[in-house]
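Everything numeric here is computed off the predicted structure, so don't read it as measured data.
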Amino acid sequence: MKSEAIVEYGQALKIVESETPKPTGTEVLLKVTHCGVCHSDVHIHDGYFDMGGGNKLDVRGGRQLPFTLGHEIEGEVIGVGPDAKGVEIGTRRVAYPWIGCGECPTCKRGDEHLCNKPRNLGIHVAGGYATHVIVPHPRYLIDYTGVADGLAATYMCSGLTAYGAMKKLGEISAEERVMVVGLGGVGMMGLQFAKAMFPAAPLGADVDDSKLQAAKGAGAHEVYNPKDPEAIKKVLADTNGGVPAAVDFVGSEASLKFATSIVRKGGHVVIVGLFGGGFSMPIPMFPMRALTIGGSYVGSLGETHEMMDLVKAGKIDPIPVSERPLGQGSQALDDLRKGSVMGRVVLKP
């Protein structure tokens, strides 16, 4: 098998050849047909997350180099272990990558994605920037019949992340609109799920005018550029005092400042993006504004099935997906760093 792997953090990925793994126990072997390139791959490739104030979170530990990235995996079942039940050779599936230890209370309540001993595909164990990948159990394989090849892979992270974040907002009245901050690949997914899950079309914000135009075409009720010095005033005026909730798909100091500035009293800000930086606010402002700020990390296996039901029912418009051959992973990561990607990039072995 071939993999496009990290051989040194921060340096170009390299093609590595190795023996194709053989599934044992409950394992399933997928021949990878598509694998999405995610912005979190950029941070893992760099070896750190920016924590603001010159501080970095080192994430180089816990994996052996060379290491294969890629957690948005789609492929064909070509091998099964002797204990793998309920999956047939030749079927095409997407892989839920957010796999935990399976034994702790967190995993037992169905929140494997929050496990403190994760085995996430492409993050902690070998992923899908490769011709083949091992999935530890058939329960992590999801039927995507009716969803376009390539696009299906992206729902395992960007789609699930968007759905999981929107689900945390609870009920939104028909008189109010959610704000989607950041309209890249994940943010555009968020826009689509907000349209499907809430009565009124969402609002969108981005510093790239071309992304604002794309969001408008994709169904945003109105869009705003935070670089406009009047943007916050415009949002507050257009929403009669602020939105009930904003989801920050960028996760930068500037994006979070904008998000917290445009929610009304009692509002809710959910941070999804991992761009990095620091955040501070006078503590009394939290109770005085009754403001809730929280994070959202992908979603559970149960939420994945809920999300895919929406997708397969045709309630989520597809986002743009561009295919690149395996071997162009480094370029795709560089393009994500520059913010020059519209929609999602998938590698095709």
Side-chain angles (χ1 to χ4, degrees), residues 1-19 21 32 34-73 95 97-101 113-135 153-154 156-158 161 182 184-186 249-253 271-278 295 297-298 324-341 344-349:
M1 63 175 281
K2 289 184 178 180
S3 305
E4 189 174 7
I6 299 172
V7 295
E8 184 177 349
Y9 289 102
Q11 301 300 311
L13 304 180
K14 301 291 185 183
I15 294 293
V16 175
E17 296 197 22
S18 58
E19 186 175 348
V32 179
H34 300 84
C35 184
V37 180
C38 179
H39 207 286
S40 59
D41 293 341
V42 172
H43 301 294
I44 299 170
H45 180 224
D46 290 338
Y48 67 89
F49 285 82
D50 180 5
M51 304 302 286
N55 299 312
K56 295 179 179 179
L57 175 64
D58 191 328
V59 294
R60 292 173 297 177
R63 65 182 69 86
Q64 237 180 349
L65 300 185
F67 182 79
T68 307
L69 293 167
H71 51 272
E72 296 183 339
I73 304 166
W98 312 107
I99 298 166
C101 69
H113 62 301
L114 303 178
C115 178
N116 285 326
K117 296 179 181 179
R119 299 178 293 156
N120 300 336
L121 303 180
I123 296 176
H124 300 98
V125 300
Y129 288 16
T131 55
H132 300 78
V133 69
I134 287 285
V135 179
T154 69
M156 292 301 99
C157 180
S158 61
T161 296
V186 187
F249 287 101
V250 181
S252 70
E253 294 179 4
I271 306 165
V272 175
L274 299 169
F275 187 88
Y297 183 69
V298 293
R324 303 188 190 184
L326 187 68
Q328 292 189 12
S330 284
Q331 184 60 55
L333 291 172
D334 286 342
D335 290 343
L336 282 178
R337 286 187 181 92
K338 297 171 188 173
S340 59
V341 174
R344 298 294 280 182
V345 174
V346 296
L347 299 180
K348 186 174 173 61

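No more than 12 heavy atoms of other residues, nucleotides or ligands sit less than 6.0 Å from atom OH of Y48.
Between L347 atom CG and Q331 atom CD the span is 11.5 Å, to the nearest 0.5 Å. Note: C35 SG to H71 NE2 = 8.0 Å, rounded to the nearest 0.5 Å. In this structure, CD1 on I6 lies 11.5 Å from CD on Q11, to the nearest 0.5 angstrom.
K14 pairs by the side chain to side chain contact (heavy atoms under 4.5 Å, CB included) definition with V7, not counting sequence neighbours. With sequence neighbours excluded, the residues that form a side chain to side chain contact (heavy atoms under 4.5 Å, CB included) with T131 are M1, K2, L326, P349. Every residue meeting the ring pair (Phe, Tyr, Trp, His ring centres under 6.0 Å) condition with F49, not counting sequence neighbours, appears here in chain and number order: H43.
Of all heavy-atom pairs spanning G185 and R344, the tightest one is CA-CD, 3.8 Å. The nearest pair of heavy atoms linking A130 to G127 is CB-O, 4.0 Å. Here the closest heavy-atom approach between residue P66 and residue V16 is recorded as CB-CG2, 4.2 Å. Heavy atoms only, all atoms of each residue included: Y9 and D46 are closest at CB-O, 4.0 Å. Summarising the geometry of L333 relative to C38, their closest heavy-atom pair is CD2-O, 4.4 Å, with the distance given to 0.1 Å. Taking each heavy atom of G36 and A153 in turn, the nearest pair found is N-CB, 4.5 Å.
When I44, T68, L69, V125 are each tested for a side-chain contact (heavy atoms from CB on, under 4.5 Å) with R63, only one passes: I44.
Using the six-membered ring where Trp is involved, Y297 and W98 have ring planes that are perpendicular, over 60° apart on the 30 and 60° scheme.
Between Y129 and V37 there is a side-chain heavy-atom pair separated by less than 4.5 Å. Taking 4.5 Å as the limit, some side-chain heavy atom of H45 sits within range of a side-chain heavy atom of L13.
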Kindly list each side-chain donor-acceptor pair under 3.5 angstrom involving residues 116-123, sequence neighbours excluded, with atom names and distances?
residue	atom	partner	partner atom	Å
R119	NE	G100	O	2.9
R119	NH2	G100	O	2.9
N120	OD1	I99	N	3.1

Quiz: residues 51-61 side-chain donor-acceptor pairs under 3.5 angstrom, not counting sequence neighbours:
residue	atom	partner	partner atom	Å
N55	ND2	G52	O	3.4
D58	OD1	R60	N	2.9
D58	OD1	R60	NE	3.0
D58	OD2	R60	NE	3.1
D58	OD2	R60	NH2	2.5

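Each salt bridge (Lys or Arg N to Asp or Glu O under 4.0 Å) pair with one or both residues in residues 325-335, not counting sequence neighbours, appears once here: R324-D335, D334-R337.
Side chain of E72 to backbone of S158: a donor-acceptor contact under 3.5 angstrom is found. Looking at E253, its side chain never comes within 3.5 Å of a backbone N or O of G277 through a donor-acceptor pair.
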